[in-house]
Amino acid sequence: MTKVCRILTQDRFDKESIITLLNAEGSDRDLLFVKATEVKQEYIGNKVHLRGLIELTNRCSKNCYYCGIGASNKNINRFMVSLPEVEKAIQFTYNNNYGSIVIQTGELQSESFTAAIEDILQSINKISDGKLGVTLSCGEQSKETYQRWKNAGADRYLLRIESSDRELYYKLHPKDKKHDFDTRLAALKSLKECGYQTGTGVMIGLPFQTIENLAEDLLFMQNFNIDMVGMGPYIEHIDTELYKYKDLVPSKEKRVDLSLKMIAILRIMMKDINIAATTAMQTLIDGGREMALKSGANIMMPNTTPGLYREQYALYNDKPGLDEEAEDSKQSIEKLINRAGCIVAYGEQGNSKHYKVRTS
Ligand code: SAH
């Protein structure tokens with residue numbers, strides 16, 4: 001029996017075991033994915049739940065070193081999708097039976113922004129008669145704001161920790177009050193306290209990131225008892241601070257391999273959580289999201305942002321689907337999911353099973 005084989009018979013992984021799995025190659029690597037598929041089949045099945053994604057605004061008050069929409073980037077036009085346009089996207093998601101919506105934004109903290117999100121939550125409720133599930137991904141906010149949005153109908157919140165290693169975190173963010181590691185952690189805690197299905201995630205293949213860091217990221221998610229995860233490869237953006245370290249970034253192949261392994265290992269560690277097949281996966285390799293679904297992911301987020309704004313929501317370079325209107329993507333999404341041996345769970349919200357168990 002190989003070391004990997006032995007590890008995969010265990011119920012809980014320590015850091016060393018996770019590192020061994022992240023380094024697995026050849027038939028050992030295959031074993032990892034076979035095990036992840038088994039676990040997914042048993043706890044999740046082959047349904048994929050969809051979330052229509054609206055990238056509401058690229059306005060942002062922060063300057064994360066990896067992100068293309070940081071405040072200091074002067075090379076993009078700033079937009080905020082108007083309420084009527086948002087309502088059109090909500091209607092699209094509802095008409096197409098996607099089951100859930102995600103609203104994602106840059107990080108803005110103001111009363112007018114909080115109120116704008118409340119208005120959108122109200123519209124979602126009205127248009128879908130309360131049937132659409134809602135995930136927000138609008139960065140760090142006060143607990144009061146999180147509570148207001150929860151009261152207005154949000155079910156889930158995704159706030160990536162980006163890296164759970166404090167030292168690495170500060171290589172990726174300015175060291176100031178706006179980018180405080182402890183504040184981000186506290187925000188994640190507040191989300192849980194407000195009763196959200198709480199999600200986090202990290203970028204994979206960052207400059208300075210080690211395999212140990214990634215192993216610790218997975219243990220962080222487990223210790224935090226997270227309900228859902230969105231994680232994917234880091235992708236360079238030319239107008240960012242981190243771009244100067246592009247030579248330290250692992251090859252595309254390596255980042256894809258590590259991302260798939262992270263998903264597979266997490267699926268085995270946290271059997272009933274929701275895991276997204278991210279757009280960044282697709283950016284690095286054709287068929288990337290399919291590969292993620294085959295490795296343990298069960299959530300897809302088709303982009304429903306009005307086409308005219310997509311180009312301006314470039315978190316990283318070469319983001320796909322920039323010229324596709326929402327209508328174009330539906331068939332291709334379904335085909336992709338079927339190719340991965342999965343089926344679309346139309347009309348279902350796809351709430352985190354883990355959350356249900358944890359809160360019952
Ligand atoms: N501002 C919000 C969400 C918008 S950005 C928040 O902080 O919660 C959504 C995610 O995109 C980020 O959490 C980050 O993990 C990811 N992202 C940003 N820049 C990226 C890059 N260059 N490569 C890969 N992912 C990136």
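Start at 1 and go down the list; that is how both ligands and their atoms are numbered. Note that this is a predicted model, so its numbers are computed, not measured.
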inquiry  = Using a 4.0 Å cut-off to any heavy atom of R160, which atoms of ligand 1 qualify?
reply    = 13 (O), 14 (C), 15 (O), 16 (C)
ask   = Near L159, which atoms of ligand 1 are under 4.0 Å from a heavy atom of that residue?
value = 8 (O)
request  = Name all residues meeting the ring-ring contact (aromatic ring centres under 6.0 Å, His included) criterion together with Y243; count only those two or more places apart in sequence or in a different chain, and write none if there are none.
outcome  = none
ask   = What are the atoms of ligand 1, with element, lying closer than 4.0 Å to any heavy atom of G139?
value = 2 (C), 6 (C), 8 (O)
key: Under 4.0 Å to a heavy atom of P233 - the qualifying atoms of ligand 1, by number   = 24 (C)
ask   = Would you call E107-R59 a salt bridge at under 4.0 Å N-O?
value = no
query = Does E167 CD have over 12 foreign heavy atoms under 6.0 Å away?
reply = no
query = Among protein heavy atoms, which lies nearest atom 25 (N) of ligand 1, and at what distance?
reply = M203 SD, 3.6 Å
inquiry  = Could you tell me, atom by atom, which parts of ligand 1 come under 4.0 Å of a heavy atom of Y313?
reply    = 4 (C)
key: Close-contact set for ligand 1 against Y234 heavy atoms, below 4.0 Å   = 22 (N), 23 (N), 24 (C)
inquiry  = Given I235, L206, L56, I69, identify the one with the heavy atom nearest to atom 23 (N) of ligand 1.
reply    = I235
E193/K143 salt bridge by N-O under 4.0 Å criterion = yes
request  = Specify the protein heavy atom at minimum distance from atom 11 (O) of ligand 1: its residue, its atom name, and the distance to 0.1 Å.
outcome  = L315 CD1, 3.4 Å
Distance filter under 4.0 Å to S137 heavy atoms, resulting ligand 1 atoms = 3 (C)
Heavy-atom side-chain contact between N73 and T240 under 4.5 Å = no
key: Polar contact flag for C138 and ligand 1 (N/O pairs, less than 3.5 Å)   = no
inquiry  = Could you check whether E348 pairs with K47 (Lys NZ or Arg NE/NH1/NH2 to Asp/Glu carboxylate O, under 4.0 Å)?
reply    = yes
task = Would you mind checking which non-hydrogen protein atom is closest to atom 7 (O) of ligand 1, with the distance to 0.1 Å?
result = E107 OE2, 2.7 Å
note = For R184, the ligand 1 atoms with a heavy-atom partner under 4.0 Å come out as 6 (C), 7 (O), 8 (O)
task = Starting from atom 19 (N) of ligand 1, find the nearest protein heavy-atom neighbour and note its residue, name and distance.
result = Y66 CD1, 3.4 Å
task = May I ask you to decide if the ring planes of F208 and Y245 are parallel, tilted or perpendicular, using 30° and 60° as cut-offs?
result = perpendicular
message = Between Y355 and G195 (side chain of the first, backbone of the second, donor and acceptor by atom type, cut-off under 3.5 Å), is there such a pair?
response = yes
request  = If you have a sec, work out which protein heavy atom is nearest atom 9 (C) of ligand 1 and how many Å separate them, to one decimal?
outcome  = Q104 NE2, 3.7 Å
key: Salt bridge R358-D227, side-chain N to carboxylate O under 4.0 Å   = yes
request  = Mark yes when over 12 heavy atoms from residues, nucleotides or ligands other than K356 sit less than 6.0 Å from its NZ; otherwise mark no.
outcome  = no
key: Option set T105, L242, L108, criterion heavy-atom distance to atom 3 (C) of ligand 1, minimum   = T105
query = What residue and atom, counting heavy atoms only, is the protein's closest point to atom 12 (C) of ligand 1, and at what distance?
reply = E162 OE2, 3.4 Å
Plane angle bin for Y98 and F92 - parallel if under 30°, tilted between 30 and 60°, otherwise perpendicular = perpendicular
